[in-house]
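Reviewing the structure listed below.
Computed from a predicted structure; not experimentally measured. In what follows, every chain begins at residue 1, and chains take the letters A, B, ... in the order their sequences are listed. Note: hydrogens, waters and symmetry copies are ignored here, and every other heavy atom, side chains too, is used.
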Amino acid sequence: MMVALKDLPKEEPYAPGHRLCAGCGPSISVRMALKASRGPTVVVNATGCVEVSTTIYPYTAWRIPWVHTLFENIGAVAGGLEYAYEALERRGQLKGKVDIIALGGDGGTFDIGIQALSGMLERGHDVVYICYDNEAYMNTGIQRSGATPRGAATTTSPAGKVIPGKRGKKKDLAGICAAHGISYVATASIGFFGDYIDKVRRAIEVDGPAVVHVLAPCPLGWRSNPSDTIKLAKMAVQTGLFPIYEIIDGKYKLSLKPGRLIPLEEYLKLQGRFSHLLKPEFKDELEAIKREVEDEYKRILSLAGEHVT
Amino acid sequence: MPGAYTGDEAAAYAAKQCRVDVVAAYPITPQTIIVERFSDYVADGEVDTKYLYAESEHSAMSACVGASLAGARVFTATASQGLALMHEVLYLASGLRCPIVMAVVNRALSAPINIHGDHSDMMGSRDCGWIQLYAENAQETYDLIVQAFKIAEEETVQLPVTVNLDGFTVSHATESMKVLSDEDVDKFLPPRKPIFKVDPETPITVGAMALPEYYYEVKRQQEEAIQKSKGVVKMVGDEYGKFTGRRYGFMETFGLEDADAAIMCLGSTCGTVRSVAKDLRAKGKKVGLIKLWTYRPFPTEEFLSTIKDLKALAVMDRAISFGAPYGALCSDVSSALQNTGMDIKVMNMIYGLGGRDTPPSTVREVFDEALRTAKTGRVKERIRFLDVRE
Ligand SMILES: Cc1ncc(C[n+]2csc(CCOP(=O)(O)OP(=O)(O)O)c2C)c(N)n1
């Protein structure tokens, strides 16, 4: 199943008029996610770009109930809301099911909020957790996060004379979430909108917690052309850097069948954050990154039972 | 209905009778019994409550905020490091006007680690915008929790409330006390009627970003609400008094009518002070006690009229405000006295940190000192640390 553009609902729960940048991937990811919503929906949003830029009082871009409290606690706030709705329903003060979406950036999810997320998954709250991943803390000015890929230059992992950008690899968020034994985890990219919307919808339909990790490029932080956002979101998948897949009841299923991968350099050269890697002095580093990407891609492929060539 | 309860059990029982919709909590000594008892109620089907077993206090308070915003009646409990870990979220609860009730079983803060009672935890979160009530014993813990929901949820208030009880001395000591019947609590405390809620039928944005153009006004309104809550604290205390014969309000006094010297403090120590004051009164000494039930909002006017005929006041603080002129309570007292023209000599005693015992003999010394000051008009020591090895 894959949604066709013409079948998307016309409603825009996420209204225009917010103050996110031109070509903002996270903003696109939010609009698309809400196209997948079904009934009454409440959004709990972690601190970050989306939060600060959509609700500058007295304006709001949200036409559905929306709550922000902190950076690191949406897993818990969403859980509290869910329990309250259940209690109120039991008392006859609320009719029908409310879909709760917890929305956090990669910083709010991979790093500071991972404990609250883990608690939420372990307790089994019926909440869809969407992590929009722009691969750094963008709201505070492009600092590295646990989702920043190896080699990317950020303001706290600058490419210096001796250290070429971020050390350490990106956390396996999907794997960490799936390890909680929940029934639905997916990675997605805004470059493949039909696939992404389908996954959000499936996540909503799951009884219990579900996680969608969506890649959403940030032109400002990636130092890329705003008109390249969707292209980059596609290329991240096509280079094997960001494979998109589902983990349903622990079983991996690839969403995009592997064909020939695009060379990583094609992707890197469109982004200022990687420009140092293309210099001769960091040739070894680039090779190491390419090997790591390949290994990781093969790991996911084999988990999904696909042929590794 | 009389019975024997520890302070913690009294808190859990009160929350049960208040028919809370959601509890979200995390265990920490000496609060643990509250969450254990409540878990028993849940496991035995005695309550309708959804209990969220949080993975930390930060998440526990966050879940409380979420549940409260949805319109539920919410209860939690914590102590010490747990309260410190909640610190960030405490401001959310008050800023978003969530009428959550929390029992804080007061305990010392690390380092060094110590599980016993003092007020460092709550004083560390003194300015978090919560209404703060202090109980002397299990009975008051129970009574204050029942009132706390009514105060918090009152239309004009909509603020969270802590009910503080001293670690171990109150939380773990079994006392005989009276509790209301379930029906009576229902009569006193009807179901919560939220002023606004995160309800799918009426979309609202909660927790928007407010820049310099608006933030200040929101905070000013919050201050107005907590100041105005004084009227509600008093009204609810009177009503509870009519209902139960146990009247509450801002403070309880003993012997203040004609006292020259008095001690002011919070929590369980007030019991010792009252008992010593009674002894001294029997010997003809004009001493008294001011016990604050309501620490925030600070009942400034009422406090000033209560002390107007005193000559000396010893304020006992069970926490240090490091580097400050006085402990927190004494600072409040001193600033309340500013510009009133009253000539009352104030001295500050720090006591009982980390559960250090404060026996009647120590309280007697404090009274002696206060009486001496009342007579001479001279404060010998502005601040003194009681029962400590120097
Ligand atoms: C406890 C705490 N620490 C730090 C911050 C500052 N802060 C606000 S948003 C943010 C980064 C958000 O990054 P991410 O979650 O990746 O979202 P993005 O800004 O990229 O949308 C930080 C560090 C905060 N609000 N709270």
Which of [options] touches chain A most, by non-hydrogen pairs under 4.5 Å:
| options | value |
| --- | --- |
| B:Leu69, B:Asp199, B:Leu96, B:Val65 | B:Asp199 |
| B:Thr202, B:Val22, B:Val198 | B:Val198 |
| B:Ala72, B:Ala70, B:Ala210 | B:Ala70 |

Part of [X] within contact of chain B (heavy atom distance under 4.5 Å):
| X | value |
| --- | --- |
| A:Val52 | both |
| A:Leu88 | side chain |
| A:Val67 | both |
| A:Pro58 | both |

Taking all atoms of both residues into account, what is the closest heavy-atom pair of [X] and [Y], and its distance?
| X | Y | answer |
| --- | --- | --- |
| A:Arg91 | B:Pro191 | NH1-CB, 4.2 Å |
| B:Ser59 | A:Ala76 | O-CB, 3.4 Å |
| A:Arg123 | B:Ala54 | NH1-CA, 3.4 Å |

Would you mind reporting whether [Y] and [X] have side-chain heavy atoms less than 4.5 Å apart?
| X | Y | result |
| --- | --- | --- |
| B:His58 | A:Leu70 | yes |
| A:His125 | B:Leu52 | yes |
| A:Ser118 | B:Glu55 | no |
| B:Val206 | A:Trp62 | no |

Margin query: At a 4.5 Å cut-off on heavy atoms, which part of B:Tyr51 comes close to chain A: side chain, backbone, both, or neither?
Written below: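 Just the backbone, heavy atoms under 4.5 Å.
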Check: Who wins among A:Ala87, A:Ala61, A:Ser53 for the most heavy-atom pairs under 4.5 Å with chain B?
Finding: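 Max contact count across the listed options: A:Ala87.
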Margin query: Which one wins on heavy-atom pair count under 4.5 Å against chain B: A:Ile64, A:Ile56, A:Leu81?
Written below: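 Among the listed options, the one with the most contacts to chain B is A:Leu81.
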Notebook entry, point to check: Does the A:Arg63 side chain pair with the main chain of B:Pro203, one donor and one acceptor, at a distance under 3.5 Å?
Noted result: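 Pair absent, no side-chain N/O of A:Arg63 close to backbone of B:Pro203.
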